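Note on naming: letters A, B, ... go to the chains in the order of the sequence lines (proteins, then strands), and numbering restarts at 1 for each one. These numbers were taken from a predicted model, which means no experiment stands behind them.
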Number of protein chains: 4
Amino acid sequence: MKQKVVLAYSGGLDTSVILKWLINKGFDVVAFVADLGQNEDFDAAKEKALKLGASKVYIEDVKEEFVTDFIFPAIRANAVYEGRYLMGTSLARPLIAKKQIEIAEKENAEYVSHGATGKGNDQVRFELTYMKLNPKIKIIAPWKDAEFLSQFKGRSDMIEFANKNGIPVKATKEAPYSTDANLMHISYEAGILEDPNLTPSEEMFEMTKSPKDAPDQETIIEIEFKSGNPVKVTNKNDGTIKAKPLELFQYLNKIGGENGIGRIDMVENRFVGLKSRGVYETPAGTILHIAHRDIEGITLDREVMHLREMLMPKFAELIYYGFWYSPEMDFLRAAFDKSQEHVSGTVHLSLYKGNCMVIGRESNESLYNQDLSSMDVLGGYDQKDALGFIRLNALRLKASSLRNKR
Amino acid sequence: MKQKVVLAYSGGLDTSVILKWLINKGFDVVAFVADLGQNEDFDAAKEKALKLGASKVYIEDVKEEFVTDFIFPAIRANAVYEGRYLMGTSLARPLIAKKQIEIAEKENAEYVSHGATGKGNDQVRFELTYMKLNPKIKIIAPWKDAEFLSQFKGRSDMIEFANKNGIPVKATKEAPYSTDANLMHISYEAGILEDPNLTPSEEMFEMTKSPKDAPDQETIIEIEFKSGNPVKVTNKNDGTIKAKPLELFQYLNKIGGENGIGRIDMVENRFVGLKSRGVYETPAGTILHIAHRDIEGITLDREVMHLREMLMPKFAELIYYGFWYSPEMDFLRAAFDKSQEHVSGTVHLSLYKGNCMVIGRESNESLYNQDLSSMDVLGGYDQKDALGFIRLNALRLKASSLRNKR
Amino acid sequence: MKQKVVLAYSGGLDTSVILKWLINKGFDVVAFVADLGQNEDFDAAKEKALKLGASKVYIEDVKEEFVTDFIFPAIRANAVYEGRYLMGTSLARPLIAKKQIEIAEKENAEYVSHGATGKGNDQVRFELTYMKLNPKIKIIAPWKDAEFLSQFKGRSDMIEFANKNGIPVKATKEAPYSTDANLMHISYEAGILEDPNLTPSEEMFEMTKSPKDAPDQETIIEIEFKSGNPVKVTNKNDGTIKAKPLELFQYLNKIGGENGIGRIDMVENRFVGLKSRGVYETPAGTILHIAHRDIEGITLDREVMHLREMLMPKFAELIYYGFWYSPEMDFLRAAFDKSQEHVSGTVHLSLYKGNCMVIGRESNESLYNQDLSSMDVLGGYDQKDALGFIRLNALRLKASSLRNKR
Amino acid sequence: MKQKVVLAYSGGLDTSVILKWLINKGFDVVAFVADLGQNEDFDAAKEKALKLGASKVYIEDVKEEFVTDFIFPAIRANAVYEGRYLMGTSLARPLIAKKQIEIAEKENAEYVSHGATGKGNDQVRFELTYMKLNPKIKIIAPWKDAEFLSQFKGRSDMIEFANKNGIPVKATKEAPYSTDANLMHISYEAGILEDPNLTPSEEMFEMTKSPKDAPDQETIIEIEFKSGNPVKVTNKNDGTIKAKPLELFQYLNKIGGENGIGRIDMVENRFVGLKSRGVYETPAGTILHIAHRDIEGITLDREVMHLREMLMPKFAELIYYGFWYSPEMDFLRAAFDKSQEHVSGTVHLSLYKGNCMVIGRESNESLYNQDLSSMDVLGGYDQKDALGFIRLNALRLKASSLRNKR
């Protein structure tokens, strides 16, 4: 009996070549395509995979799960990698890998496979997830396989293989960079972008208008949060309301994109030890990040916020490196989730030509003195208390001054 | 003989009242006005203080020192308080207090005094600095003094006192909020801004144009860094070059302000335990913060960056709380300074209607693989190495999966 | 009607004076004595309080709660303050204060009071707990009260007051140091111990024998943990078994004390800014701390352990400073509790003349490779994997070497 | 011309086999033996290497450098891995590797080699150091080499090879565990110790007497520190004084060993992802660790201590993982070194049957209030200051209580 492998399939040239290569090696290939909101003809992908010899094709719509179980936890954590990257790709990978493992178990497949390169982060995210969720699974990673690598040294080898094996190749010439697209973002890297000083041309961007082309009128919106999650978006200009996770996220992508919000250009550090230049557009993610941080300002205890701030870079690192499913992530999430219980309220924002500006906020869970009427009843704040407060805080400073002068 | 006190004097109503109140209590008052770049008539302030009875007035231009010894170290650290505030006020206070102590020593004054309220952060920043730099100094903080507080319960008490004591009071009615201005920023708080949901009107802002009123053409600039410090700013539109710390900072304020950059509206946590709403405009600081983070992306080692990111919130907290001069700050600065040795290179930015976008960067100190020609000579990166890398990273994940399933 | 106050009462001279002083000031005083396992005649204390005029006396046995809800959470966290102090006093204070607040609510008392000095940590621990658990409660802290302080400047003032007010004073002369005793420890400080170089004499110690006087034969014990909590102690020398929290803790105190275990002499940093010299004996706490750390060694994931290690000092600081009931403690406890799910197994220890040595451990929740039979089935560990692992870990080191040599 | 390799040689069976194997493969082998204080016949090792065909043998006494540049920095940092391990092996590896690289440069050798296994930490420590100090060096790690591994599957293959190649094999049977010995410690692992529940027999230990066999009389010593480094050890029993780094360290090993101090038995986490059981004896290291922590208690500022405590686990992790030479270590060391400037004074200790008890300390750099005479002159500590201090610290606790109850 043939050995079965579940391949993360995209419909593109690379994974089509891999699909065929696996079949040629004698595998029974089950193709899996995750619908994460990318702009893709899923029917065509299915047909293509079947035509190439896949024994089965799974197309799964995981958009809702992506939003609620991956994007929102990152928003709740204010997760940003190296100060800027909102991790649209990093968040999608563990979900794809989880689904692959589920299908592998359903299909009794011993193997999973993916088309991520051996220099990137995605291979790590896929494989750590595979091994955590099913330590017995076997992994075929062609781009780390000596045989595969010696067969396919460049794009021309792949096109030749494609032509020989009946894999349709788009007539279009190779893109000058790689992209990864899903509901949360489109990323651009490699190719001409490897020059860190090359400014990408305006045509590259797909999710966002240039701030220069955005409307001259600002869009005023309100975002309501409950326990750290966005639960309602209201467009004050036209009265549109969205109150379901996926819908509101897609809506924020739409109006964020129209207003030119969420572009980032940076050089970042990969887990495998290389630096890499990436350009990202993340409209909804950017708006939610800004709004969430603001509602925390008024509802989160200071010490919790400062502890969480210290730990956020680790949280983001775990996501970026591929440790979404890991004991250390469970450890941090227990605390981070705890912090969000009272993070509820509404943030008012102005979207305008690339800017996402907070213009006000209100909350029934406010810790702001002016909102805690009972606080003043209790005697409020006695300015003279600051005397002792400062003096005792200064004690050890005075001690070290006196000591050092000795 | 009279006891001498060095008062941090601004020329405004509050510190004029305090000056007179101190004189009435029998003190010999030396007034000190720090020129931190705020828009002020320093000669008039001097004259006013003398007229009110100050025995001496010091006006000191500390702008250069403010930029190089306070603002730049914060930029080098990417210091941001609670994710947003660049701390223009926090950075100025220890400098003012340090100068006061120097003057007190020169003048043989036993006392220093300031006009900061008992509910805010500034009192702490002043007084911790006083006590650290001179543990023997005595502090008069009228806004925590029972006698003063019972005498001055509101603004009308102050005006009455002013009228009685020949303190000129501007005819203008009270501002609807408080401000603090210096080279780095203007802050707005209190008054009508205490309502966290009130959107400030456009007329409030002084350093920045509204993004809506900013030019339709972007301004392209380059900022060169050496060991973490900005050393040259070039305006690519018109060829302007600024290469001295104060000059380049003021120039960035100018073009940043014109392009509507650096406004922030937030609710923050004070050291004294209250939440407070603040609105800030920090044009040059914002641009430098963005540019510095970008040049770090290409020059800073990953692990150093991640450690520094974890410690940055503490660094910012120390500045915000008033511990600029403290053993723990010395501890952190030793490491932070070490990290900046190779943070050199040039960042290209586009300033446009509130946006400050990085559009490229270059560096002779790059750690980016493409810039390290010798790296490839050494064999570069073997994709197959990732196999073992991932497997060993997965080992403990597999172990915990197997254990947990038991 | 008289105003009612619930006083934390010990039966000693200080709190008896305070009790009377409160009555003299017109308060209705309810005395509360917590039985935390200290060596005390609780009936006598009750009688004394009533005789002095207390309207009611509560004696509550909180030993069980102290062990399960305060000591064990600290053990699960490996909580140690400044590397050495196991915080027997710090852990007891929030429990006493919580009980006081409960009684105040039951008794409709508006006030609580305690006899802790104004220089120490205990006042903070009491009062922060009071205010967190009941923000409306009013606090009488005589040792920070100007009137009380001016009346009682030294011990002789208290004895004079006692004599005048019918408070029985023990004939014994004042102890040369202060102590605090409970189930977990006895602490010694102040008095002659203020000289940090004075070695306390052997007679001072009450819970532990000197290692020199301990038995010549070692005592071999086993401690079983379930999810981080000790659930069984077995004495292998004589077969004694204890399996209830309070019983096993008391038993470990007994055999730990007999074997001279758990003495510490240190200079520590108080929250109020002073350094303080303390001597402690914590027999059971020391043994459990050592055993718990060991069972974690074999059952806890590496990354969870390292994160927890980094956060433990903060956890201990919060306990020591008095923030047991606080949002930031809830935040950390959520993560710390999560970490303990699989911390189960048995540690074998030898107790001998002050030494508590781990001599073996076993666990059904082990992550140790030799205990995970399925691990080897999965292919185990391929030494060649280390090649790629090390190479990718070295990549950025090579990059910075090449860069720095440039 | 032959390619030259510098081999870290110990004189034992493993590295002798590797030496010969390298020669058989056509290499010109330069053997390097580091004298780190292990009990070894270095002349015999040299002779053996030459006889086996090494072209040159370097025997270098690096004991002094090991103490001052590796052990003392770890002591100054209170570095302990996973709460217990003082890292005697981890500290020695970067020194050996550094020397190898120096010899390779002197000898124009392109290669370095070591005999560490592919499952352990040492390979990482060696190789990361090699690559950091000379990114162009080539590494031969036989225990990760497919050919070598297939040739040598067990000890019998090595003995057979040895017999065939004239490598003398000691008649003694294989040790039941592996050891690594140097000035700082002896470690025991593998073999019978892989059973985490097996208690090692008393005969195993070489550096320390059993506490049971230690003298009945305690040894009283004083250790003087200057800026974190031990500079003098005085035995108060017999007046012995040692004041040079290596001498005092060796002397502490002697008296620590005689008094049964410094044994640890633990399961620890390796960098390669495995858990491992190790038993260690580290007499001098243990005493210095305890003494150093104590002198810090009286001389180090609280906030510096707490920050350093939080970062120490990372510092220890870097040492344990092999990142002694790394940008992140430089980052941390800058701060840690800064912290030690005033860590000077003398600690008094009692060594007795496994116990190393602090019995007093004194310092001219003390921050202890009682030692800062000028502190009291300045007004000292006003108990009433604690009122405001506690109230402001409680503000946010009250706010969250009021909010949560809403």
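With a 4.5 Å cut-off on non-hydrogen atoms, B:Tyr381 touches chain C through its side chain but not through its backbone.
Residue-environment remark: NZ (B:Lys226) stays at or below the threshold of 12 foreign heavy atoms within 6.0 Å. Within a 6.0 Å sphere centred on CG of B:Asn364, other residues, nucleotides and ligands contribute 12 heavy atoms or fewer. No more than 12 heavy-atom neighbours from other residues, nucleotides or ligands sit within 6.0 angstrom of NZ on B:Lys153.
Your options are C:Glu341, C:Glu303, C:His342, C:Lys398, and the one with the most heavy-atom pairs under 4.5 Å with chain B is C:His342. Put simply, of C:Asp371, C:Leu397, C:Asn404, the one with the most heavy-atom pairs under 4.5 Å next to chain B is C:Asn404.
Note: B:Leu387 CG to C:Leu387 CG = 11.0 Å, rounded to the nearest 0.5 Å. Between the CZ atom of B:Arg391 and the NZ atom of C:Lys384 there is a distance of 9.5 Å, given to the nearest 0.5 Å. The distance from atom CG of B:Asn369 to atom CZ of C:Arg396, rounded to the nearest 0.5 Å, is 14.5 Å. To the nearest 0.5 Å, atom CG of residue C:Leu300 and atom OG of residue B:Ser400 are 10.5 Å apart. Taking CG of B:Leu392 as the start and CD1 of C:Ile390 as the end, the distance is 8.5 Å to the nearest 0.5 Å. Within the model, atoms CG of C:Leu395 and CG of B:Leu367 stand 11.5 Å from one another, a figure rounded to the nearest 0.5 Å.
Put simply, the side chain of B:Arg403 gets close to the backbone of C:Glu365: a donor and an acceptor are under 3.5 Å apart.
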